[in-house]
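Below, chain A is the first sequence line, B the second, and so on; all start at residue 1.
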2 protein chains.
Amino acid sequence: MKDDKSNNDVCEITVIHQDVVDKVKKLMPEEEKLYDLAELFKIFGDTTRIKILCALFESEMCVCDIAATLGMNQSAVSHQLRILKQSKLVKHRKEGKVVYYSLADDHVIKIFDQGFSHIEE
Amino acid sequence: MKDDKSNNDVCEITVIHQDVVDKVKKLMPEEEKLYDLAELFKIFGDTTRIKILCALFESEMCVCDIAATLGMNQSAVSHQLRILKQSKLVKHRKEGKVVYYSLADDHVIKIFDQGFSHIEE
DNA sequence: TGAATATATGAATATTTGTTCATATATATT
DNA sequence: AATATATATGAACAAATATTCATATATTCA
């Protein structure tokens with residue numbers, strides 16, 4: 001059933017199909033890229049940030065309006081906006097004391113759409 | 001600069017543009033849907049799970065082969081596979097003692113592609 | 001210049017979550 | 001039936017992270 005070279009031990013891990021392991025290892029994207037990808041999705045993995053992004057789909061908004069829309073305090077929203085800004089998912093412009101946030105590009109919308117189509121099955 | 005009805009207080013939150021807040025509140029998807037979406041993206045927000053999914057892009061694999069490919073122990077991989085299974089991102093078939101995992105559908109690939117195209121800018 | 005206000009941010013706290021370890025379950029083999 | 005092995009899983013621990021509170025910064029207006 002198992003061919004000769006398929007039962008090895010690598011760092012105490014049993015390997016059943018060495019050929020598959022070798023092939024997949026070669027084909028996998030580099031570590032750093034996968035890390036960055038996980039970091040990006042982590043941003044979307046929080047209800048508050050999802051809500052902020054959804055709100056910005058509809059309209060450019062200032063911080064206190066976002067807070068009012070979500071029923072959260074200004075500080076919490078501001079902290080999350082900083083994270084969204086760092087990931088280049090939102091951009092902002094300042095008009096006097098008021099800072100207006102909007103979506104940086106339409107990647108966000110595309111990613112959301114794919115997400116929605118998965119959960120709606 | 002500010003029109004009359006635009007300076008209210010709702011639950012101690014200052015609102016500058018009541019019209020925008022009202023409009024966006026109406027257009028936002030329902031709470032539960034946004035929660036589910038965040039839950040889905042949370043799954044992708046972990047390097048181990050990203051790696052598992054990437055590995056499964058290339059080939060159906062059993063648990064110990066995945067563990068060997070990622071250089072992780074069997075238990076950690078198994079825990080993560082359970083999460084991926086629960087979210088219907090992977091499916092599995094059993095062949096004797098060995099359980100083979102593969103991608104459930106191609107939503108994952110599409111979501112990944114969008115993610116990659118965002119970080120590669 | 002001084003008061004008011006919109007936003008940002010550091011620190012503390014509470015919660016969530018990933019990994020490890022030990023062990024249970026299920027299947028195959030002798 | 002007993003043993004070996006592939007996988008699953010509960011509990012404990014450690015690390016990451018979201019929110020709150022207090023306060024700082026920046027801008028406007030009087």
Side-chain angles (χ1 to χ4, degrees), chain A residues 1-2 6-17 20-21 35 38-39 41-52 60-68 70-87 90-101, chain B residues 1-2 6-17 20-21 35 38-39 41-52 60-68 70-87 90-101:
Chain A
M1 208 55 71
K2 302 164 186 172
S6 67
N7 241 332
N8 299 343
D9 263 44
V10 179
C11 304
E12 296 181 17
I13 298 167
T14 309
V15 173
I16 299 184
H17 313 87
V20 173
V21 171
Y35 177 82
E39 287 303 301
F41 286 126
K42 207 172 281 182
I43 310 283
F44 294 101
D46 174 78
T47 313
T48 299
R49 288 190 293 264
I50 285 278
K51 285 179 184 170
I52 292 176
E60 176 187 71
M61 293 179 92
C62 72
V63 178
C64 62
D65 288 345
I66 296 174
L70 307 196
M72 300 185 63
N73 71 45
Q74 175 270 322
S75 179
V77 170
S78 199
H79 276 295
Q80 297 308 330
L81 282 169
R82 183 168 46 80
I83 293 173
L84 293 170
K85 213 186 322 179
Q86 282 169 349
S87 315
V90 303
K91 59 182 189 236
H92 66 290
R93 70 183 175 85
K94 204 165 180 179
E95 201 170 281
K97 282 175 298 192
V98 183
V99 179
Y100 292 93
Y101 284 86
Chain B
M1 210 52 71
K2 302 166 186 174
S6 68
N7 242 331
N8 300 343
D9 264 45
V10 179
C11 306
E12 298 182 15
I13 298 166
T14 309
V15 173
I16 299 183
H17 312 87
V20 173
V21 172
Y35 178 82
E39 288 302 302
F41 285 126
K42 207 172 283 182
I43 309 284
F44 294 101
D46 174 78
T47 312
T48 299
R49 287 189 293 265
I50 286 277
K51 285 179 185 172
I52 292 176
E60 175 188 70
M61 292 179 93
C62 73
V63 178
C64 64
D65 288 345
I66 297 174
L70 308 196
M72 300 185 64
N73 72 44
Q74 174 269 321
S75 178
V77 170
S78 199
H79 276 295
Q80 297 308 330
L81 282 169
R82 183 169 45 81
I83 294 173
L84 293 170
K85 214 188 319 179
Q86 282 168 351
S87 317
V90 303
K91 59 180 189 240
H92 65 291
R93 72 183 173 85
K94 205 165 177 179
E95 201 170 281
K97 286 175 294 191
V98 182
V99 179
Y100 292 91
Y101 283 86

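An end-to-end axis angle of 20° holds for the helix from C:dT1-D:dA30 to C:dT30-D:dA1, taken from five base pairs per end and rounded to 10°.
Among the protein residues, B:Y101 comes within range of the sugar-phosphate backbone only, with heavy atoms under 4.0 Å from sugar or phosphate atoms but none that close to a base.
Closest heavy-atom contact between B:D65 and A:I16: OD1-N, 2.9 Å.
The side chain of B:C64 lies closest to D:dT7, out of D:dT7, D:dA8, C:dT7. Distance from the side chain of A:S78 is smallest for C:dA8 among the nucleotides D:dT28, D:dT5, C:dA8. For B:V98, the side-chain atoms get nearest to D:dT7 when compared with the rest of C:dT9, C:dT7, D:dT7.
One cannot find a donor-acceptor pair under 3.5 Å joining the base of C:dA6 and the side-chain atoms of A:Q74.
Listed by chain and residue number, A:H17, A:V24, B:S59, B:M61 satisfy the side-chain contact (heavy atoms from CB on, under 4.5 Å) test with A:V20 (two or more places apart in sequence, or in another chain). Qualifying side-chain contact (heavy atoms from CB on, under 4.5 Å) partners for A:S78, counting only residues two or more places apart in sequence or in other chains: A:Q74. Take B:K85 and apply the side chain to side chain donor-acceptor pair (under 3.5 Å) test, not counting sequence neighbours, and it matches B:Y101. For A:Q86, the side-chain contact (heavy atoms from CB on, under 4.5 Å) criterion is met by A:R82, not counting sequence neighbours.
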Close N or O pairs between protein and nucleotides 17-20 of chain C (under 3.5 Å):
from: C:dT17; atom 1: OP1; to: B:K42; atom 2: NZ; distance (Å): 3.4
from: C:dG18; atom 1: OP1; to: B:R49; atom 2: NH1; distance (Å): 3.1
from: C:dG18; atom 1: OP1; to: B:R49; atom 2: NH2; distance (Å): 2.6
from: C:dG18; atom 1: OP2; to: B:R49; atom 2: NH1; distance (Å): 3.4
from: C:dT19; atom 1: OP1; to: B:T48; atom 2: OG1; distance (Å): 2.6
from: C:dT19; atom 1: OP2; to: B:Q80; atom 2: NE2; distance (Å): 3.0
from: C:dT20; atom 1: OP2; to: B:N73; atom 2: ND2; distance (Å): 2.9
from: C:dT20; atom 1: O4; to: B:H79; atom 2: NE2; distance (Å): 3.2

